[in-house]
Engineer: 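Quick one: structure below, then a few questions.
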Amino acid sequence: KAGVTQTPRYLIKTRGQQVTLSCSPISGHRSVSWYQQTPGQGLQFLFEYFSETQRNKGNFPGRFSGRQFSNSRSEMNVSTLELGDSALYLCASSLSGSGEQYFGPGTRLTVT
Amino acid sequence: QKEVEQNSGPLSVPEGAIASLNCTYSDRGSQSFFWYRQYSGKSPELIMSIYSNGDKEDGRFTAQLNKASQYVSLLIRDSQPSDSATYLCAVNPPGSYKLIFGSGTRLLVRP
């Protein structure tokens with residue numbers, strides 16, 4: 001069974017720009033969660049989607065948004081990028097959201 | 001108080017020894033607990049899940065859960081240099097669909 005895939009793997013953006021990251025979950029998984037990982041803050045929860053509905057949101061500003069499509073694929077968007085948004089963005093999929101979550105390889109975002 | 005706490009390490013053990021990694025959590029109602037391994041430059045990999053008090057064994061790994069003490073641990077028997085990584089403890093708070101992660105413990109297994 002194929003794992004979680006994320007595109008692109010690497011991105012370099014300039015402050016003020018916006019970015020869209022994509023995630024395809026494991027086949028049959030309907031829950032997709034997004035996390036941000038930085039050396040200083042560790043792994044922090046951004047949001048979780050199930051059947052195209054956002055069920056949980058972390059403590060991030062409104063510049064961070066996401067959505068899920070009917071095929072369970074998910075995208076997250078960050079607008080008006082700041083230097084502090086440089087991080088590894090991880091997507092994780094699970095059957096229901098409250099059980100085991102499996103991570104994709106991540107997207108490394110660098111904001112200059 | 002952090003929601004999930006881990007000693008950052010590094011924890012250094014000789015090859016063949018037992019490595020013991022510990023984690024405490026603050027939400028007493030939490031029901032699901034997970035251990036992830038993360039190699040440098042890679043994404044976290046799920047290695048163990050545990051939901052009930054007691055021990056759960058999978059190969060060289062044993063997860064231990066004590067809900068009364070709000071304590072989760074991971075034992076790695078016969079540690080190998082390839083086990084050198086950061087181990088992340090994660091907790092699913094009650095009524096939510098997110099994982100709260102500890103800051104991770106870096107494990108070094110000396111040949």
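Proteins get letters first, then strands, A, B, ... in listed order; numbering begins at 1 in each.
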Engineer: Are A/Tyr10 and A/Met76 connected, step by step, through hydrophobic side chains (Ile, Leu, Val, Met, Phe, Trp, Tyr) whose heavy atoms are closer than 4.5 Å?
Structural biologist: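 Different clusters.
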Engineer: Count the heavy atoms of every other residue, nucleotide or ligand shown that sit under 6.0 Å from CG of A/Asn71, and state whether that count exceeds 12.
Structural biologist: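 Above 12, so yes.
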Engineer: Would you say that more than 12 heavy atoms from the other residues, nucleotides or ligands in this model lie under 6.0 Å from the CZ of B/Arg77, or not?
Structural biologist: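 Above 12, so yes.
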Engineer: With a 4.5 angstrom heavy-atom cut-off, is it the side chain or the backbone of A/Gln101 that approaches chain B, or both, or neither?
Structural biologist: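 Its backbone and side chain both get close to chain B.
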Engineer: Can you tell me how far apart OG (B/Ser96) and CZ (A/Arg55) are? Round to the nearest 0.5 Å.
Structural biologist: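 Answer for the OG-CZ pair, B/Ser96 versus A/Arg55, is 9.5 Å.
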Engineer: Can you say whether A/Ser31 sits under 4.5 Å from chain B via the side chain, the backbone, both, or neither, judging by heavy atoms?
Structural biologist: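 For A/Ser31, there is no contact with chain B at all, as no heavy atom is under 4.5 Å.
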Engineer: Hydrophobic clusters here meaning ILVMFWY residues chained together by side-chain heavy-atom distances under 4.5 Å, can you tell me if B/Leu99 and B/Tyr51 are in one?
Structural biologist: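 Yes, B/Leu99 and B/Tyr51 fall within the same hydrophobic cluster.
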Engineer: Checking B/Ile100 against chain A: side chain, backbone, both or neither under 4.5 Å from a heavy atom?
Structural biologist: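 It is neither, since no heavy atom gets under 4.5 Å.
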Engineer: How about CZ on A/Arg73, more than 12 heavy atoms from neighbouring residues, nucleotides or ligands closer than 6.0 Å, or not?
Structural biologist: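 Buried by this count: over 12 neighbours within 6.0 Å.
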Engineer: Quick one: do B/Tyr25 and B/Met48 end up in the same hydrophobic cluster if we chain Ile, Leu, Val, Met, Phe, Trp and Tyr together by side-chain heavy atoms under 4.5 Å apart?
Structural biologist: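 They do share one cluster, since a chain of ILVMFWY contacts under 4.5 Å joins B/Tyr25 to B/Met48.
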Engineer: Does B/Phe101 form a side-chain contact (heavy atoms from CB on, under 4.5 Å) with A/Tyr35? I'd like the steps, not just the answer.
Structural biologist: CA-CA 10 Å; B/Phe101 283 85; A/Tyr35 296 84; 3.8 Å; yes
Engineer: Between A/Leu43, A/Leu46, A/Leu88, which shows the greatest number of heavy-atom pairs under 4.5 Å with chain B?
Structural biologist: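 Heavy-atom pairs under 4.5 Å are most numerous for A/Leu43.
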Engineer: Between A/Gln44 and chain B, with a heavy-atom cut-off of 4.5 Å, which part of the residue counts as in contact: side chain, backbone, both or neither?
Structural biologist: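 Looking at A/Gln44, nothing touches chain B.
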Engineer: State plainly whether one hydrophobic cluster holds both B/Ile76 and B/Val13, where clusters connect Ile, Leu, Val, Met, Phe, Trp and Tyr through side-chain heavy atoms under 4.5 angstrom apart.
Structural biologist: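 In one cluster: yes.
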Engineer: Donor-acceptor pair, B/Ser49 side chain versus A/Glu100 backbone, under 3.5 Å?
Structural biologist: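 No, because the side chain of B/Ser49 does not come within donor-acceptor range (under 3.5 Å) of the backbone of A/Glu100.
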Engineer: Which bit of B/Leu46 comes within less than 4.5 Å of chain A, counting heavy atoms only: side chain, backbone, both or neither?
Structural biologist: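 Answer is side chain: those atoms of B/Leu46 sit under 4.5 Å from chain A.
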Engineer: Please give me the minimum heavy-atom distance between B/Tyr97 and A/Ser33, naming the atom from each residue.
Structural biologist: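 What the structure gives for the nearest pair is O-OG, 3.9 Å.
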Engineer: Who among B/Ser103, B/Gly104, B/Pro44 has the most heavy-atom pairs with chain A under 4.5 Å?
Structural biologist: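 Going by pairs under 4.5 Å, I would pick B/Pro44.
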Engineer: For B/Glu45, is it the side chain, the backbone, both, or neither that has a heavy atom closer than 4.5 Å to a heavy atom of chain A?
Structural biologist: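 For B/Glu45, no heavy atom lies under 4.5 Å from chain A.
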Engineer: Measure the spacing between CZ of A/Phe103 and CD of B/Gln38 and express it to the nearest 0.5 Å.
Structural biologist: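 Rounded to the nearest 0.5 Å, the CZ-CD separation comes out at 8.5 Å.
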Engineer: Heavy-atom distances under 4.5 Å only: say whether A/Leu90 touches chain B with side chain, backbone, both or neither.
Structural biologist: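 Side chain of A/Leu90 only, per the 4.5 Å heavy-atom cut-off to chain B.
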Engineer: Verify the cluster assignment for B/Leu75 and B/Ile47: are they in a single hydrophobic cluster under the rule of side-chain heavy atoms below 4.5 Å apart?
Structural biologist: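 As far as the 4.5 Å side-chain criterion goes, B/Ile47 and B/Leu75 are not connected within one cluster.
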